[in-house]
Protein chains: 2
Amino acid sequence: LEQIAYVNGAFVPLSEAKVSVLDRGFLFADGIYEVAAVLDGKLIDNASHLARLQRSVGEISLALPESLDRIQEIQKELVKRNSLVNGMVYLEVTRGADSGRDFAFPKADVKPTLIMFTSVKDIVNAPSAKTGIGVITVPDIRWARRDIKSVALLAQVLAKQAAAEANAGEAWMIEDGKVTEGGSSSCFILTQDDVIVTRQNGSEILPGCTRKAVVKLAEERQLRVEERAFSVEEALAAKEAFITSATVFVQAVVSIDGKKVGNGKPGPMTDRLREIYVDFARATAV
Amino acid sequence: LEQIAYVNGAFVPLSEAKVSVLDRGFLFADGIYEVAAVLDGKLIDNASHLARLQRSVGEISLALPESLDRIQEIQKELVKRNSLVNGMVYLEVTRGADSGRDFAFPKADVKPTLIMFTSVKDIVNAPSAKTGIGVITVPDIRWARRDIKSVALLAQVLAKQAAAEANAGEAWMIEDGKVTEGGSSSCFILTQDDVIVTRQNGSEILPGCTRKAVVKLAEERQLRVEERAFSVEEALAAKEAFITSATVFVQAVVSIDGKKVGNGKPGPMTDRLREIYVDFARATAV
């Protein structure tokens, strides 16, 4: 059965889900996206994703074509139509297709584009959840507004391709000697003093939804959390390292550039935070 | 009569020119573009644009789906089908549409996307060619590989929208106190000593095709050219300032952030270089 996608008000087979070559998402990367995980047919931490969507579009003065409530309805409808049990819903909003190509914003009568599609992934039982992943490091060459979740992702594409070629699961991006974030994830370490460290939010990184939830869940359990930048050397000297994202939840990092973190296996804190997060996800899914 | 566009081998009405929502140009800004001017039905400086296209795709390991010769044939065919006299041909190559969304490059059997469309513009007789334009300055917040002509243009969109809102014709981007380039143009000044100054190529700016031609044409006429960075203060103290691009050729800049350059009118060197460039364009058009 062919997958169903959503394009500007219509549910259509994925093979027919198209946008104009004049769409500003295609011409200028003038668009914002979000990815929400689906567990047992329900959306995970979706309010957080929609709040970030609202913030991102606001930062580039893009008006959403639908209310957040309506967007969630469409997400749910798409999950239903695809009988999606475990996986994710991708959504993208762009500044629409004008009659030609001009960098400046189009007139108000050009309606933003909203598209969604789903994909299948058993996040909870992913093999890498048990084994952990190796990561490589690459220079962070991105623009100055990484807090905006835009589709201008070419730097991340190149970073994650470099990781794939090195048989690594993620690329950690490095700026001024410190880790900013992964190509599509937030980075954490657990120090020898049992402090969970992750970089503070700011324009240098995307404010991760899963990162935010994990920090809150850890603090609620009286675990020590510090939000600050850390170096690769510090990560290699740590007890554990892990990443978070909407589509991996919490995932152990067992090596960096081929060097072991800790004993080279997922650590107990990572496993514990992963369990805590999965419980939170199930309990708050909509 | 509806305009004709080119999409992956087919010439179709622009309203039917579409790409998949899975196209990596739309999802990741994983694509390269070029814009070639058309004068009297012929392509201007097109070999230079195609050489830059080849370089840009090489920098992101993207294989062109057609040879450069074939691409030029398609450009010409599109000009003909649209009976285009004066204007431009836009072309974009992306890493194609895979069966899902994954940052890393797709398998080799995913064919890159190639699209083209045209638009009408009387570049030679544009009103701003006679009056010049005002520009504003904005911080350059782009990524570190501006020498790659990618469609990850959100920073330029925001810069040029700020210019539009200030009734300015372009935004000059500033980094470390120096002008890098315009949102979609190269920047030049003529010093009080009659030296034409434009920033040297490097990863900080796009190697402009029109910039390159103008520098060469000026040098051939024994005009003094220096390729180095300059500040806004230096530009305001200059005799003249101008920009170059494929779709404006050479255009006077008569004010920067509301302050006059020279006497606030297009200067004789700018006018001369514009004439020289138009002659070159006509003489070498294909």
Side-chain angles (χ1 to χ4, degrees), chain A residues 5-7 14-31 33 35 60-61 88 90 92 94-95 99-105 113 115-117 119-120 139-145 148 150-165 183-184 203, chain B residues 5-7 14-31 33 35 60-61 88 90 92 94-95 99-105 113 115-117 119-120 139-145 148 150-165 183-184 203:
Chain A
Y6 172 90
V7 181
L14 183 57
S15 61
E16 294 166 26
K18 297 185 175 184
V19 293
S20 169
V21 295
L22 296 178
D23 194 282
R24 295 177 61 94
F26 185 72
L27 296 180
F28 296 117
D30 190 7
Y33 75 105
V35 183
I60 65 166
S61 306
M88 59 201 86
Y90 174 88
E92 178 172 339
T94 79
R95 213 179 302 273
S99 56
R101 178 179 180 273
D102 185 4
F103 280 81
F105 298 172
T113 295
I115 69 97
M116 294 187 204
F117 57 84
S119 54
V120 172
D140 194 336
I141 61 170
R142 295 174 301 160
W143 75 328
R145 290 301 307 277
I148 299 172
S150 88
V151 294
L153 292 166
L154 183 51
Q156 287 93 319
V157 163
L158 298 176
K160 289 182 77 86
Q161 173 63 16
E165 288 175 10
S184 61
S203 58
Chain B
Y6 172 89
V7 182
L14 184 56
S15 62
E16 294 166 26
K18 297 186 175 184
V19 293
S20 168
V21 298
L22 295 178
D23 193 281
R24 294 176 62 94
F26 185 72
L27 295 180
F28 296 118
D30 190 6
Y33 76 105
V35 183
I60 66 167
S61 307
M88 60 201 85
Y90 175 88
E92 179 171 337
T94 78
R95 213 179 304 273
S99 57
R101 179 181 180 272
D102 185 3
F103 281 83
F105 299 171
T113 295
I115 69 98
M116 296 188 202
F117 57 83
S119 55
V120 173
D140 195 335
I141 61 171
R142 295 175 300 162
W143 75 329
R145 290 302 306 276
I148 300 171
S150 88
V151 294
L153 292 166
L154 183 51
Q156 286 93 319
V157 163
L158 298 176
K160 290 183 77 86
Q161 173 63 16
E165 288 175 8
S184 61
S203 58

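By convention in this document, chain letters (A, B, ...) are assigned in the order of the sequence lines, proteins followed by strands, and residues within each chain are numbered from 1.
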Worksheet entry | Spacing of CG belonging to B:Leu153 relative to CZ belonging to A:Arg24, to within rounding of 0.5 Å | 10.0 Å

Worksheet, complete the sentence: Shortest non-hydrogen pair, B:Ala164 vs A:Ala104, comes out as CB-CB, 4.0 Å

Fill in: Under 4.5 Å from a heavy atom of chain A, the part of B:Phe105 involved
both

Worksheet entry | Among B:Asp102, B:Ile115, B:Thr113, B:Val7, residue most engaged with chain A (heavy-atom pairs, under 4.5 Å) | B:Ile115

Item to complete: Test side chain to side chain contact (heavy atoms under 4.5 Å, CB included) on B:Arg101 and A:Val35 and set out the steps.
Response: CA-CA 11 Å; B:Arg101 179 181 180 272; A:Val35 183; 4.1 Å; yes

Worksheet item: Non-hydrogen atoms of chain A under 4.5 Å away: do they reach the side chain of B:Leu154, the backbone, both or neither?
Response: both

Discussion item. Test side chain to side chain contact (heavy atoms under 4.5 Å, CB included) on B:Arg145 and A:Leu158; report intermediate values, then the result.
Written reply: CA-CA 12 Å; B:Arg145 290 302 306 276; A:Leu158 298 176; over 6 Å; no

Worksheet item: What is the minimum heavy-atom distance between B:Phe103 and A:Ser184, and which atoms define it?
Response: CE1-CB, 3.7 Å

Item to complete: Would you mind checking which part of B:Phe28 comes under 4.5 Å of any heavy atom in chain A, side chain (CB onward), backbone (N, CA, C, O), both or neither?
Response: both

Worksheet item: Does any heavy atom of chain B fall under 4.5 Å from the side chain of A:Ala17, the backbone, both, or neither of them?
Response: both

Discussion item. Quick check on B:Asp23 against chain A: is it the side chain, the backbone, both or neither that has a heavy atom closer than 4.5 Å?
Written reply: side chain

Worksheet entry | Part of B:Ile60 lying under 4.5 Å from any heavy atom of chain A | both

Practice prompt. Go through the atoms of B:Ala155 and report whether side chain, backbone, both or neither lie under 4.5 Å from a heavy atom of chain A.
Written response: both

Fill in: Validation row: B:Leu14, A:Val21 side chains within 4.5 angstrom (heavy atoms)
yes

Worksheet item: A:Thr94 versus chain B, heavy atoms under 4.5 Å apart: side chain, backbone, both or neither?
Response: side chain

Worksheet item: Passes side chain to side chain contact (heavy atoms under 4.5 Å, CB included), A:Val19 versus B:Val19? Steps please.
Response: CA-CA 6 Å; A:Val19 293; B:Val19 293; 4.0 Å; yes

Response to the item:
When the 4.5 angstrom heavy-atom criterion is applied to A:Ser20 and chain B, the contacting part is both

Discussion item. Using heavy-atom distances under 4.5 Å, tell me whether A:Glu92 contacts chain B through its side chain, its backbone, both, or neither.
Written reply: side chain

Worksheet item: How many angstroms lie between atom CG of A:Leu22 and atom NZ of B:Lys18, to the nearest 0.5 angstrom?
Response: 11.0 Å

Worksheet entry | Residue A:Leu27 versus chain B: region with a heavy atom under 4.5 Å | both

